[in-house]
Amino acid sequence: MMAAPPASPSARSRGNAAGAGGGNTTSTMLPGPASRSNGGCIDLSTSGLLAHGAGSSVVVSDPRSMQLLCVLPMPASAASSLASFVTAVRWAPAGSLAAGLADDDADDHRPLRLAAGDRHGRIAVWDARARAVLHLLSLDESRSVAPGTSGGVQDLCWIHHASGWLLASIHGPSLLCIWETSANPRVLWMFDASPEYLSCIRRDPFDDRHLCALGLRGFLLSAVPRYDSDISLKEHRIVCGAGDVAELQRLEKEMAAPAPAPALAAFPLFSARLCFSPQWRHILYATYPRELVVFDLNYSTALSVASLPRGFGKFSDVMADPDLDLLYCTHADGKLSIWKRKEGEQVHLLQAVEELMPSIGTVVPPPAVLATAVWQSESIFRNIDKLSQDLAQTQSSHSVISDTNSDKNVYQGAMSYITSISEDGKIWSWHLTFDDKSADSKKINLGTSNHSDAGISKPRSKGLDFTVKINLMGQLHLLSSTVTTLAVPSPSLLATVARGGNNPAPAVPLVGLGTQSGTIEVVDVLANAVSVSFAVHSSTVRGLRWLGNSRIVSFSYNQVSDKTGGYNNKLVITCLRSGLNRPFRVLQKPERAPIRALRASSSGRYLLILFRDAPVEVWAMTKNPMMLRSLALPFTVLEWTLPAAPRPSQSAASKQSSTSKERSGEVTATESSDETAESFAFALVNGALGVFEVHGRRIRDFRPKWPSSSFASSDGLVTAMAYRLPHVVMGDRSGNIRWWDVTTGLSSSFSTHREGIRRIKFSPVVHGDRSRGRIAVLFYDNTFSIFDLDSADPLANAILHPQSPGTLVLELDWLSTRTRKDEPLVLCIAGADSSFRLIEVNMDTKINSGSKPLITKERFRPMPLCLPILFPMSHALALRMILQLGVKPSWFECNNTDKVGSNSFKAAPATFGDLRTCMIETALPPIGDSVVPELLLKVLEPYRKEGCILDDGRAKLYSAIVNKGAYARFAFAAAIFGDAQESLFWLQLPKALHHFLDKSRSKSTEKGLESSVHTGSEQTSTLNRIASRERSTAGNVAKDTENYGQLCTMAFKQDQLWFNANERIPWHDKLDGEDALQKRIHELVSLGNLEAAVSLLLSTPPEGSNFYPNALRAVVLSSAVSQSLHELAVKVVAANMVRTDKSLSGTHLLCAVGKYQEACSQLQDAGCWTDAATLAATHLHGSDYARVLQRWAGYVLRGEHNMWRALILYVAAGALPEALETLRKNQRPDTAALFLLACHEIYSQITAESEPADEASGSAPERTQKLRFPSKNVNEEDLIAVSEVFGQYQQKLVHLCMDMEPTVN
């Protein structure tokens, strides 16, 4: 590999709590919408968490409950102060939680690692649970080149190696890199595929080491890391259609992006995507804009090509269903097409079409669907539910080959879940159900398809026997467009509630945001969510202000393009309670000047409308707004007074907080009338200042006490102002800040040494505040600072641009809900990246002066957040152990009725008496410490009371499987925490153990049969068995439903392996070429179909270079005479051919004389492990077959580093000691103990079925006291040691749980 210097170091997380400490602003941040600049990056973790790129941030959400979890903003780069667009996201595969308990700082053991790449070429590896950056990888820094040389990140993918998980990335147009992301992050290997444009990179689900990268021109690169720190590469080529080639050539000529730009930036509307088949090894699916290609990596050729159907938008992505043999293709026009594989071929037919953007309730033109993802996590739970419904069925060892048409059973009642992201900031979750065609024939006759939120699609091809229904499960509304302005309600005591009366309007925790698309988003800051969205304007919202706390006034304008010119100004009042939008000041003709700004008084009774080069209008905002008068003065800024500070009981400052009459000294009006007057301060173009007072319909001069003449500005216009009696604070375009007391005339000023000042905001004050002069200042360079004007040196004590690196600030204001002086000040920020943030500011102490993220707990969620993966590590392990040992379903019942939205689980008592009664009673022998479950239940009690352990659906499933066997509970616990491979292992364990025990029982019978039958007759019977098997499957061959989907990746039974290989035979019938011919012969010989192999060999033309080797093999295979001399000769020829011929022809000769064991060994030595297993499944039995499985398991463990698949092969081969030793070497004390329990339970059930009823009942109590392990090669001391180590692990877990505070949110 190519060595490289280490990447730049980064700050690492100091804790492992889910939200403990809160530690950054992401907990109170709302992201902007995703756009095409994000490249459609999306990923769903196996634990069910969704991550997608939106602007310069990564958004993490829960698609089940449709709630926002956190937003992870990309750090700013050294070359630029701005963060760049996130263009790739990828969750790391789930690690071992138990191993993480021993080594908390090991990255591979963090359950929620997330990699995100941006357009600057940087990759941030996050710990999403701690919300901290573990590593920041920069290819430019690693190569010591200028920033931007390597290009942006196109895609990411995690692959496995002996050292752990590595990260593969595509940089720029053609550079493929593999990174080490552990303690010493660095780039390990680079490959330049120029002049190709690499577009997509994916990991093989059958081999975690294997990845494939796809190019826009059809280039396909296959890479596998090897033991010797090198990479095994193989290049393939997909022949693209003429239309796609011509379009790409045209786009290359028109390309405007800079040279190192990745494919998503150079060709944003031309995409090429691939995905591996989860059903069939070596098969992958690729989409180009006009083609869907099925490609066989083993044959390096395309098996089928489907053209884009007429009337469809171009292909944008392809996804494979994890359980069903279906493909989901998304299109540029927002459609979702569903393709089903034709039986016996790798040809996919269009089955149904759905709309991912409903036509009802959306704007025209509708927002684009940017990204789509299929839920992998739900597939695991469906398998758990399906395989645990009848435990007796899983114990039977029936064949997976059936001559009945069981394909209907596969799709009947099947479900799938899809999440899509649209460019209007919405996350959509869709539920797809597949039903029998005959059941819905009446509904289908109503129309061809129904693209609504609950639609039924008619099959589009004959012979397809199911229909698809799609339902919208939920929608998460984030900010719908780029934020242009911001407003915070700060009603004064004069403002009254909207329902009438004299009750003052309280400050509400709401913020109004105006967007570029013309909508107004009202954000609830306590819930950190968009409360409501109003489509008010047809163009950009230029400004908005609150009228009290329940009405918002906003404006927009558009320029008239005809000869007369002018502007159409639009002013609208939006009522939050009724949702009505009322325009006012509606004019029939365009105006000469556009509206510049709005200024609303704190009571909401008056509104100032500022125009560009036109008089200011003063409006009374009554039920029917009316204009009071027009002020024809050259104003630069205008600001109303904020609500007066509360008056303390006795203080000199009480004079400053008195009524308007006391401050001005006027006695022309009564006290009551003056109390209802409001004033605003202003600055003119010539630098003059003034204060006007509005009372009723009268506007008069406030007559303040003027400052000294030296206070007048001579070097710049006043560009910003803030006014709260008695202080007026001003900023000019030279960066100077001046403040003035209107009652005493005192004034002062200082220079910020920055660019011009655009906005000044007074912080809210409450009774007892030490300072009343805190201001936030926004500069024209989109940075901000916070000053305290009451301090001796405001500039020295300022906070400069706090806690917003990489973000330009468009607008800011203080949140006005603070009621006590010990509450923090909260600043609302609208960023240029379309995000909305809350920042907590503390300036009371010099040591801790600064801003920090808002760490207050979110006080409202529409439903509990049931994600145990977010618990602190020890508490997550505690829940995992409780689920594994078995807890009664009643324990999940929550007594908080406000947070339970379903009637399935009724309210439970607040506390339980004896927590030991919550655990289920089993006949399993005791293992570990019996007191530990009760202690763990006490630790988990706060989570249970909050109702955030399992949601209703998960709790129902657990209650259904909790008494169906230990293996079902173990699989459920692994799936809850996202470990899909472990879950599949537990689901396959009963079958593997049955397979081993059945073979061991029949071993003696088989030996007797083999000794009495001649070798030749044995071969004849084998051929007859194969021929009959082929005849039975020639018509309708289908997999049994329980062996479909992800479980096929852990196949070990002979019938399963034989079926998987036999299904591939028709796919390659039409392939030409010598290499394809040799591989087809190899497949046929492995399956035992010697007649077809001979016919292919004899079809070789005489002039071919391989005619003589093929003829030799044909003669030997056709004769199949087993004489000792003939065997010896064939062995010698086979050995010579193996040395010289890479096609492994020697194994075919060994098969011809019945030496299948030696043939399997040769195939395994050559690295053809799947072929060896197929050959063994066809011809070998008993211990011979077990030896092949055991050697295969060793390779899977040490070569592919897939521990769970190796374990299931060990168990199927009867190598139980090796399986137990593997768990112990991998530091899995809990899994080793659970493995003993599961084997004990399954073995006891098998022996109980074979024993007489009275004998089994008499020995039942004895079985519960002693572990029964189905292997004589494991000593009793080893079993006791596993139990003791598990007890020590439990004690350590209890201590860690007691030391950790629960974090519910």
Side-chain angles (χ1 to χ4, degrees), residues 4 7-8 32 34-43 51-59 72-90 114-126 133 135-158 167-179 181 185 187 190-202 213-216 251-252 255-273 370-371 806-807 832-833:
S8 56
S35 66
R36 294 194 183 275
S37 298
N38 293 112
C41 57
I42 188 173
D43 195 30
H52 76 275
S56 60
S57 303
V58 180
V59 182
L72 308 175
M74 286 293 289
S77 63
S80 173
S81 60
L82 298 179
S84 182
F85 284 103
V86 174
T87 54
V89 293
R90 195 70 60 200
L114 177 66
D118 66 8
R119 285 282 290 274
H120 286 166
R122 299 171 308 127
I123 301 173
V125 181
W126 290 84
V133 177
H135 305 288
L136 189 60
L137 312 176
S138 175
L139 188 59
D140 292 332
E141 295 181 11
S142 298
R143 300 169 66 189
S144 300
V145 296
T149 304
S150 303
V153 178
Q154 171 74 20
D155 204 359
L156 297 170
C157 176
W158 294 90
L167 182 62
S169 61
I170 298 176
H171 290 262
S174 59
L175 191 59
L176 176 63
C177 302
I178 294 182
W179 296 82
T181 62
V187 59
M190 289 183 289
F191 176 82
D192 193 353
S194 58
E196 301 289 341
Y197 281 92
L198 297 181
S199 174
C200 184
I201 183 171
R202 293 291 184 266
L214 180 66
L216 296 182
L251 293 175
E252 281 187 284
M255 184 175 61
L264 63 90
F267 312 103
L269 300 179
F270 190 100
S271 63
R273 294 288 186 269
L370 299 177
T807 303
D833 58 350

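Side chains included, hydrogens not; waters and symmetry mates left out as well; all remaining heavy atoms used.
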Taking all heavy atoms of [X] and all of [Y], pick out the closest pair and write down the distance.
| X | Y | value |
| --- | --- | --- |
| P262 | Q154 | CB-OE1, 3.4 Å |
| A54 | G32 | CB-O, 3.4 Å |
| V89 | G53 | CG1-N, 4.5 Å |

**Report entry** Test log, rule side-chain contact (heavy atoms from CB on, under 4.5 Å), inputs L139 and W179
**Finding:** CA-CA 10 Å; L139 188 59; W179 296 82; 3.9 Å; yes
Query raised in the report: Taking atom CZ of F85 as the centre, does the number of heavy atoms from other residues, nucleotides or ligands within less than 6.0 Å exceed 12?
Result: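 12 or below, so no.
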What's the separation between atom [atom1] in [X] and atom [atom2] in [Y], rounded to the nearest 0.5 Å?
| X | Y | atom1 | atom2 | answer |
| --- | --- | --- | --- | --- |
| L264 | R119 | CG | CZ | 6.0 Å |
| L216 | E196 | CG | CD | 8.5 Å |
| D192 | S174 | CG | OG | 4.0 Å |
| I201 | S169 | CD1 | OG | 7.5 Å |
| D118 | T87 | CG | OG1 | 6.5 Å |
| R273 | C200 | CZ | SG | 5.5 Å |

Report task. Answer yes or no: is there a donor N or O on one side and an acceptor on the other, between the side chain of H135 and the main chain of T181, under 3.5 Å? Result ->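 Checked: pair present.
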**Report entry** side-chain contact (heavy atoms from CB on, under 4.5 Å) evaluation trace for V86 with C41
**Finding:** CA-CA 8 Å; V86 174; C41 57; 4.2 Å; yes
Query raised in the report: Looking at V187, V153, I123, L137, which hits side chain to side chain contact (heavy atoms under 4.5 Å, CB included) with C177?
Result: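 It is V187; the other options fail the test.
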Query raised in the report: Between R143, H171, H120, which is the residue that forms a side-chain hydrogen bond (donor to acceptor under 3.5 Å, both in side chains) with S150?
Result: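 For S150, the side-chain hydrogen bond (donor to acceptor under 3.5 Å, both in side chains) check succeeds only for R143.
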Query raised in the report: Is the closest basic N to carboxylate O distance between D155 and R90 below 4.0 Å?
Result: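 So D155 pairs with R90 through a salt bridge.
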**Report entry** Test item: L176 and L198 side chains (from C-beta on) under 4.5 Å apart, heavy atoms
**Finding:**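 L176 reaches L198 side chain to side chain.
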